[in-house]
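Let me begin by presenting the structure, written as structure tokens, before commenting on it.
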Amino acid sequence: MLASQLLAPTLRGMPAEAETVSHQLMLRAGLIRQVASGMYTHLPLGFRALQKVGNIIREEMDRAGGQELLLPIVQPAEIWQESGRWDVYGPEMFRLQDRHGRHFCLGPTHEELITVLVRQEVNSYRQLPLRLYQIQNKYRDERRPRFGVMRGREFVMKDMYSFDRDAAGMEESYRILGEAYHRVFSRCGLHFRMVEADTGAIGGAVSHEFMALAASGEAEIVYCPECDYAANVEKAACHPRPAGVTAAAGTGLEAAEIVPTPGARTMAEVAAYLSLPAAQLIKTLIYQADGRLVAVLVRGDRQVNEVKLQRQLGCLDLELAPDESVTAALGCPPGYVGPVGLPAGIPVYADTEVPIIRRSAAGANREGCHYVNLEPGRDFAADVVADLRTVEAGEPCPNCGHPLEKARGIEVGQIFQLGTKYSQTLGATYTDADGGEKPVIMGCYGIGVSRTVAAIIEQRHDEKGIIWPVSAAPFAVVVVPVSEKESRQMELARRVYGLLRDQGIEAVLDDRDERPGVKFADADLIGFPYRVTVGRRTLEQGTVDVKERATGQEEAVPVDRVSGYLAEALDQGR
RNA sequence: CGGGGCGUGGCGCAGCUUGGUAGCGCGCUUGGUUUGGGACCAAGAGGCCGGGGGUUCGAAUCCCCCCGCCCCGACCA
């Protein structure tokens, strides 16, 4: 490819709209351009990177027994109504109608379509197991698109679905795909971790996410430095921890009493006012779950885990109740709500730590007042006690007891053991060897392809630009003649370029009439793994200078050895 | 959806408070000089100032409505 003909509009300045490094670099290196909020055009360089990652995925999916197919983007409402998700999916789903008024959606995912296909085409155990996948655009009308292609409303996703005779088969598919995912992300040059995950809107029993570690990641995980335990904090199970506060031995428990706490609304304020550690307080939050109010109790220094709460409540919509609703229902503003004397219609959900707090304090459901000397069980009772909080760094690993550590990550992939969730509702059954009709047992496996490209950039860059791994680089090498006007340099550059191409190396010849500084800066920004410079000096020596982007190391290589040298280097970096 | 901010040549911005018909840097075009880390000189091109309405002799500037984009929060791959 000639740089003079390549549409790679690099930007010198910093685009105003980009916050994260990957977003900035994708714009500056001319990989993407925004079309609308959360929607991007992938320019040639960006598209090539996307294809590179896509092809790695293809190879690994095929190796894992997958067969590629292509499902439509536009899906009829009927199958979503059949699975029950037409109403569940909510405003995230792009919905549309055709000229006849029939309802459709832009596929946010494809479980329904694939299950319907299998329902039609698979009848016998002899056709199982089956692993089908596609690399396709997905559409989700995100509340808030962010970070460039990291959270777009349109994105490229690889989704695979496995169909097995029984649970053991599904677990085997799941294991094989988990391994395939490790291979994919390793080949992409990512630092990542497989973590236990919540199954969210997709459903199923068991799920893991693959997190590319990055400070800018939206997800938070905990992991054990000593064993292989790792989990998304949304999922990580919590066990009650003693608050370090016990009733003094031998003292009788005093009666609960209401004390004035004017102006003390937050846990920190209440703790300071009452001179009690936050861990001894009970935090009471009023949530609105599908329109009805519920009270949620956690220790004062803990955070409610809304994913766990939603799962416990089994509701579709969950949010903190607006202040007005709280005041209307309880007669006091949110800062003073507590578990004692709540209206009968508000069920109380308590985290497992709440019952073991002694001599606690909590809001009195009266403005400016809190209870002290509260004894859970004596003074109030929860309707449900469950794990409802978010794990903290330093808590013991559930496997081995070592203190857990926290990290942030970009979710690049997630795998699910779905079981019969879709095959049951959509009637995808097969006839087993014993003649019985059984639902196929499914798994599903997603990789955010566009997001993976962003994650690679997020992890591999410096102040000058992108540092592609060879495996994902749009082009492996750029050949830069220092002066385009010097015909001998151009001649040699063309020759080297030809040698590289003959060797099957993807190269760009920077034949633009630009000063060398401009070409070097663009080469660094775009992130070609190798740069070959042809200059006056190298011309005299019969060499070229080969510079590695990642290390900055430069070496003079005789012209007749360049292609072999680079072929070898690229092979090692792959 | 709530809160905040911004829409002015391709990109980044100034001008708006105190209305008088648009400017800077980069980029682009042409010519020349230059060429191992974002050159220089000269001459150019390019803007319904997001859209609509209003006030005014006159609106980028003041008022109203709408749209788009970004950031923060609650949700998700």
| Closest to the A:R140 side chain, choosing from B:G73, B:C76, B:G37 | B:C76

| request: Look at the side chain of A:R28 and decide which nucleotide, out of B:G37, B:C28, B:G38, has an atom nearest to it. | output: B:G38

| field | Same-atom distance (P) from B:C26 to B:C70, integer angstrom | value | 29 Å

| field | Any donor-acceptor N or O pair under 3.5 Å, side chains A:E548, A:T551 | value | yes

| Out of B:C76, B:U35, B:G12, whichever nucleotide has its closest atom nearest the side chain of A:R151 | B:C76

| task | With a 3.5 angstrom cut-off on both distances, give the Watson-Crick or G-U wobble partner of B:C6, or none if there isn't one. | result | B:G68

| request: Please state whether the phosphate of B:C70, meaning OP1 or OP2, lies under 4.0 angstrom from any side-chain nitrogen or oxygen of A:Q34. | output: yes

| task | Consider only side-chain N and O atoms of A:D141 and A:Y139, and report whether a donor and an acceptor are under 3.5 Å apart. | result | no

| Of the nucleotides B:C70, B:U35, B:C71, which one has an atom closest to the side chain of A:R146? | B:C71

| Looking for any heavy atom pair under 4.0 Å, which part of the strands does A:E514 touch: base, sugar-phosphate only, or nothing? | base

| remark: Residue pair A:A521/A:E209 against RNA chain B: nearer the 5' end by closest nucleotide is A:A521

| note | Partner of B:A39 under the Watson-Crick or G-U wobble criteria, both distances under 3.5 Å, comes out as B:U33

| Any strand: nucleotide that pairs with B:G20 via Watson-Crick or wobble, under 3.5 Å | B:C57

| query | Is the backbone N or O of A:I526 less than 3.5 Å from a side-chain atom of A:W468, with the two atoms forming a donor-acceptor pair by type? | reply | yes

| Between A:R95 and A:Y89, is any side-chain donor less than 3.5 angstrom from a side-chain acceptor? | no

| task | Go through B:G36, B:G37, B:C28 for me and flag the one nearest to the A:D524 side chain. | result | B:G37

| remark: For B:G25, the nucleotide meeting Watson-Crick or G-U wobble distances (both under 3.5 Å) is B:C11

| request: Would you indicate, yes or no, if B:G36 has its OP1 or OP2 atom less than 4.0 angstrom from a side-chain nitrogen or oxygen of A:S483? | output: no

| field | C1' atoms of B:G15 and B:U61, separation to the nearest Å | value | 9 Å

| Between B:G36, B:G12, B:C76, which one does the side chain of A:F520 approach most closely? | B:G36

| query | Is the closest side-chain donor-acceptor distance between A:Y174 and A:S162 under 3.5 Å? | reply | no

| Candidates B:G36, B:U35, B:G38 - which lies nearest the side chain of A:R515 | B:U35

| Which value, in whole Å, describes the distance between the C1' atoms of nucleotides B:G4 and B:G51? | 23 Å

| Stepwise ring pair (Phe, Tyr, Trp, His ring centres under 6.0 Å) test for A:F185 and A:H191 | CA-CA 8 Å; A:F185 297 122; A:H191 298 118; over 10 Å; no

| message | Checking base pairs now: Watson-Crick or wobble, both atom distances under 3.5 Å. What partners B:G73? | response | B:C1

| A:D545 or A:E92: which one's nearest nucleotide on RNA chain B is closer to the 5' end? | A:D545

| task | Could you work out the separation of B:G47 and B:G27 based on their C1' atoms and round it to a whole Å? | result | 16 Å

| Same-atom distance (P) from B:A22 to B:C16, integer angstrom | 16 Å

